[in-house]
Student: 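First, the structure itself, so that you have it in front of you.
Each chain gets a letter, A, B and so on, in the order its sequence line appears, and its residues count up from 1.
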Amino acid sequence: MTVTLPDGSRRELPAGATALDLATDIGRRLAKDAVIAVVDGTERDLDVVLHDGADVAIVTPSTERGLFTIRHSTAHVLAQAVLDLFPGATFGIGPPVENGFYYDFELPGGATFHPDDLERIEARMREIVAAGQPFVRDEISTEEALALFADHRYKQEIISGAAEDPTSVTEAGVVRTYANPPRFVDLCRGPHVPHTGRLGHFKLMRVAGAYWRGDERNPMLQRIYGTAWDTRAALDAHLHMLEEAERRDHRKLGAELDLFSFPDEIGSGLAVFHPKGGTVRRLMEEFSRQRHEQAGYEFVNTPHIAKSELFRTSGHLEWFADGMFPPMELDGGGYHLKPMNCPFHILIFRARGRSYRELPLRMFEFGSVYRYEKSGVVHGLTRVRGMTQDDAHIFCTREQMGGELRNLLSFVLDLLREYGLDDFFLELSTRPEGKAVGSDEDWEEATEALRSAAGSMGLDTVLDEGGGAFYGPKISVQARDAIGRTWQLSTIQVDFQLPQRFDLHYTGADNARHQPVMVHRALFGSIERFFAILVEHHAGAFPTWLAPVQVRVLGVRDDHDPYAFRITDRLRGAGFRADHVDAGEPLGARIRKAKLEKLPYVLVVGDDDVADGTVGVNARGAAVERGVPVDDFVDRLRADVLSHTL
RNA sequence: GCCCGAGUAGCUCAGACGGCAGAGCAACGCACUCGUAAUGCGUAGGUCAGGAGUUCGAUUCUCCUCUCGGGCUCCA
């Protein structure tokens, strides 16, 4: 028989040949790497018997799909190990996820896993891998399946169809299973690697609670997460990445670099910025403010609380009440802390009659908002209860919308690049089915405007079908940081709802009333979150323009201190952030401290420098230079600051 | 909000049968005066997260609360 490979080439095989035979025929290396095959577009186990004329692709772990298989199969090994070690345990589902897999279990009597259990479980998993158990595919009837999994209520739910079955293990009365003889059987659609010996580069990471089928009304199961890779090197690389992420954790660096803290006395999720963090934050804001002014934004200011009635009008009390702090009762009425700035900006728009000549009207504010986040979700600066948004609302005509969005998007990307981020992609969220307001035409027009704006940026755009808010579609800008993690930053959102709710209008050239289109946008998302992202992206080593202290001047001996002081003064006079540490400690110790603070520049001045009017320059990440004229250094520093790069 | 884990000096962490609380770093003082990542000696620093309970006695055992971490559910 003849089969066709992905590159279009054909290959002759004896009748009855399997996908593995094909891989072996192509090359020993491929046969060794292979995990599954795709036959006529369907993923199959490697022992699938091929037919004449089939299109066949051999899948290896060099692809995401191949890695998924490794992870999926490893999840089965985890389940087997847990069922071996914990009599009476039952299991839910165990899919592959990014970088690894998990499996959900329920232990008898509501028992829970202890982190120390992971070691035992992992040891058992290694035995299973060493045993090289085959993965044996089977299809049985629903009745047989119910009997086979009689002790496993969650599996029964899946079989009987009580649970929706995203894994499609059941179909027309047939239930698909995979067995690892001698004991273990799981419901599964597969495909899987041929045998457990193909696995082995994994590590169990953590245990956590997770609701059965992701619904908080369901019982909470015990979830074990693991990571799995095809090679030892890939596993190690991943573990290193995690270490690196830990090293960059903004919560850790925030304390070490004295940037911010979360005093218990204030409350969960409420940060205070210390002088150094405050400086960085001020610089972030100043630059952003400058750019916004250049781009035609006008600056407004609004209070932190307002009558509850305002949020009733805006609809926040209807659809965002869970995210709001409870009301304060005073003067016979209720007041709420604001969770968003939009109603306030709208009132500014509505403060007087508006002409089409004023549009687009772009109102910007560093607006502090308060959201009642559930106690379990606050997380460093990335998820807080009080935050400041670099928030703006653009009021424009329908005709202006497309151009505004396009300009806005390139404005965002340019701005973000100035902060050192440069790897972006976009996500377009469209109309959520069944719970959207506004006409089909409105949605179509706005979505098209966003889509076309996105398309003009030359970036990858992923579609988030149905992910928009009920009042309009949105684009979000995602950035990859220095170690490849993605963060959701800016959101740009078209809103049909609020202009209607507040009955906004402007007078057109035709002297008739028209409703403006409103665009919400926050580029940093929140200052706090963006601050955290910058800390992690730069690993605490802020580029010179953002560094809280740009230069530290150190005299070699204390008789150099007066000269060091003069240098410090001169730098400050020139608008730089410089300080000086006197010679109370040995030079090496003072340099070490400056390095631990990740300062961009340390200047060391000694006898030669005092005599020649020079400085020794110890720049972050560069070799030490001696005898640099002060003017030269100032020029360099100025260039650094202007470029935003170092 | 739910599940699991954890809170000991500013930071990182020891510690105990239920019987006066320990180290390193940081801080402060004195000495050292030094050319590129840790000078020496000394001093001070604690309601052992908070509150109840058990006990002759609780930082240690029990319960509750708060906060933090990892997840789930949510989300900037």
Student: Rounded to the nearest 0.5 Å, what's the gap from CH2 on A/Trp487 to CG on A/Leu534? Could you check?
Tutor: 10.5 Å

Student: In terms of ring plane angle, is the pair A/His250 and A/Phe260 parallel, tilted or perpendicular, where the classes change at 30° and 60°?
Tutor: tilted

Student: Classify A/Val384 by what it touches in the nucleic acid, base, sugar-phosphate, or nothing, heavy-atom distance under 4.0 Å.
Tutor: base

Student: Looking at the side chain of A/Lys374, which of B/G1, B/C68, B/C4 is the nearest nucleotide?
Tutor: B/G1

Student: Which part of the nucleic acid, if any, lies within contact of A/Asp322, taking any heavy atom under 4.0 Å across all strands shown: a base, the sugar-phosphate backbone alone, or nothing?
Tutor: nothing

Student: How is A/Asp607 classified with respect to the nucleic acid when contacts are heavy atoms under 4.0 Å: base, sugar-phosphate, or nothing?
Tutor: base

Student: Between the side chains of A/Lys252 and A/Glu246, is the shortest nitrogen-to-carboxylate-oxygen separation below 4.0 Å, so that they form an ion pair?
Tutor: no

Student: Just call it for A/Ser526: base, sugar-phosphate, or nothing, with non-hydrogen atoms closer than 4.0 Å on any strand.
Tutor: base

Student: Base, sugar-phosphate or nothing for A/Phe262? Non-hydrogen atoms, less than 4.0 Å.
Tutor: nothing

Student: Any carboxylate oxygen within less than 4.0 angstrom of a Lys/Arg side-chain nitrogen, looking at A/Glu243 and A/Arg247?
Tutor: no

Student: Want to settle it: does A/Lys595 or A/Gln222 sit nearer the 5' end of RNA chain B, counting the closest nucleotide to each?
Tutor: A/Gln222

Student: Could you tell me how the ring of A/Tyr471 sits relative to the ring of A/Trp319: parallel (under 30°), tilted (30 to 60°) or perpendicular (over 60°)?
Tutor: tilted

Student: Rounded to whole angstrom units, what separation is found between the CG atom of A/Asp558 and the P atom of B/C32?
Tutor: 10 Å

Student: Would you mind classifying the nucleic acid contact of A/Arg223 as base, sugar-phosphate or nothing, using non-hydrogen atoms under 4.0 angstrom?
Tutor: sugar-phosphate

Student: Write down the partner of B/A58 under the Watson-Crick or G-U wobble criteria, each distance required to be under 3.5 Å.
Tutor: none

Student: If I take atom CG in residue A/Leu381 and atom P in nucleotide B/G69, what distance separates them, rounded to the nearest angstrom?
Tutor: 11 Å

Student: Nearest whole Å is fine: how far is B/C68 C1' from A/Arg383 CZ?
Tutor: 16 Å

Student: Using atom P of each nucleotide, how far apart are B/C66 and B/A23 to the nearest Å?
Tutor: 35 Å

Student: Heavy atoms from C-beta onward define the side chain here; which of B/U36, B/A76, B/A27 lies closest to that of A/Lys593?
Tutor: B/A27

Student: With the side chain of A/Pro586 defined as its heavy atoms from C-beta on, choose the nearest nucleotide among B/U39, B/C68, B/G69.
Tutor: B/U39

Student: Is there a Watson-Crick or G-U wobble partner for B/G22 with both distances under 3.5 Å, and if so, which one is it?
Tutor: B/C13

Student: So what does A/Asp608 hit on the nucleic acid, given a heavy-atom distance under 4.0 Å: a base, only sugar-phosphate, or nothing?
Tutor: base

Student: Without decimals, in angstroms, what is the distance between A/His379 NE2 and B/U67 P?
Tutor: 17 Å

Student: Which whole number of Å gives the distance between the C1' atom of B/A6 and that of B/U65?
Tutor: 16 Å

Student: Could you tell me how far B/A27 sits from B/C17 if I compare only their C1' atoms? Round to whole Å.
Tutor: 37 Å

Student: In whole angstroms, how far is the C1' atom of B/G70 from the CD atom of A/Glu246?
Tutor: 12 Å

Student: Looking at every strand, decide which applies to A/Gly323 at a 4.0 Å heavy-atom threshold: base, sugar-phosphate, or nothing.
Tutor: nothing

Student: B/U73 C1' sits how many Å from A/Asp104 CG, rounded?
Tutor: 14 Å

Student: Searching all strands shown, indicate the nucleotide that pairs with B/G5 (Watson-Crick or G-U wobble; both distances under 3.5 Å).
Tutor: B/C68

Student: Under 4.0 Å, heavy atoms only, any strand: does A/Glu528 hit a base, just the sugar-phosphate, or nothing?
Tutor: nothing

Student: For nucleotides B/U55 and B/U62, find the distance between their P atoms and express it as a whole number of Å.
Tutor: 16 Å

Student: Can you label the angle between the A/Phe364 ring and the A/His292 ring as parallel, tilted or perpendicular, going by 30° and 60°?
Tutor: tilted

Student: Base, sugar-phosphate, or nothing for A/His560, non-hydrogen atoms under 4.0 angstrom?
Tutor: nothing

Student: Take atom CG of A/Leu270 and atom C1' of B/U67, then tell me their distance rounded to the nearest Å.
Tutor: 13 Å

Student: For A/Glu373, which contact category applies under a 4.0 Å heavy-atom criterion: base, sugar-phosphate, or nothing?
Tutor: base

Student: Please state the P separation for the pair B/G46 and B/C11 - nearest whole angstrom.
Tutor: 13 Å

Student: Assign A/Gly584 to base, sugar-phosphate, or nothing according to its heavy-atom contacts below 4.0 angstrom with the strands shown.
Tutor: base

Student: Parallel, tilted or perpendicular: which describes the rings of A/Phe91 and A/His152, with under 30° parallel and over 60° perpendicular?
Tutor: perpendicular

Student: Side chain of A/Arg206: nearest nucleotide among B/U73, B/G70, B/A76?
Tutor: B/G70

Student: Can you tell me, in whole Å, how much space there is between the P of B/G22 and that of B/U47?
Tutor: 15 Å

Student: Which part of the nucleic acid does A/Ser375 contact within heavy-atom distance under 4.0 Å: base, sugar-phosphate only, or nothing?
Tutor: base

Student: Could you tell me whether A/Arg223 and A/Asp104 have a side-chain N and a carboxylate O separated by less than 4.0 Å?
Tutor: yes

Student: Under 3.5 Å for both donor-acceptor distances, Watson-Crick or wobble: does B/G35 have a partner, and if so which one?
Tutor: none

Student: Taking any heavy-atom pair under 4.0 Å as a contact, classify A/Gly616: base, sugar-phosphate, or nothing.
Tutor: base

Student: If pairing requires Watson-Crick or G-U wobble contacts with both distances under 3.5 Å, which nucleotide is the partner of B/G29?
Tutor: B/C41

Student: Would you kindly give the CG-to-P distance between A/Asp264 and B/C66, to the nearest whole Å?
Tutor: 12 Å

Student: Which nucleotide wins on minimum distance to the side chain of A/Val377, given the candidates B/U73, B/G35, B/A27?
Tutor: B/U73

Student: Determine the Euclidean distance between corresponding P atoms of B/G71 and B/A14; express it in Å to zero decimal places.
Tutor: 22 Å

Student: Can you tell me which residue among A/Tyr102, A/Phe202, A/Phe101, A/Tyr103 is in a ring pair (Phe, Tyr, Trp, His ring centres under 6.0 Å) with A/Tyr225?
Tutor: A/Tyr102

Student: For A/Ala589 and for A/Gln389, locate the closest nucleotide of RNA chain B by heavy-atom distance; then report the residue assigned to the nucleotide nearer the 5' terminus.
Tutor: A/Ala589

Student: What distance, rounded to whole Å, do you find between the two P atoms, one in B/C64 and one in B/G5?
Tutor: 13 Å

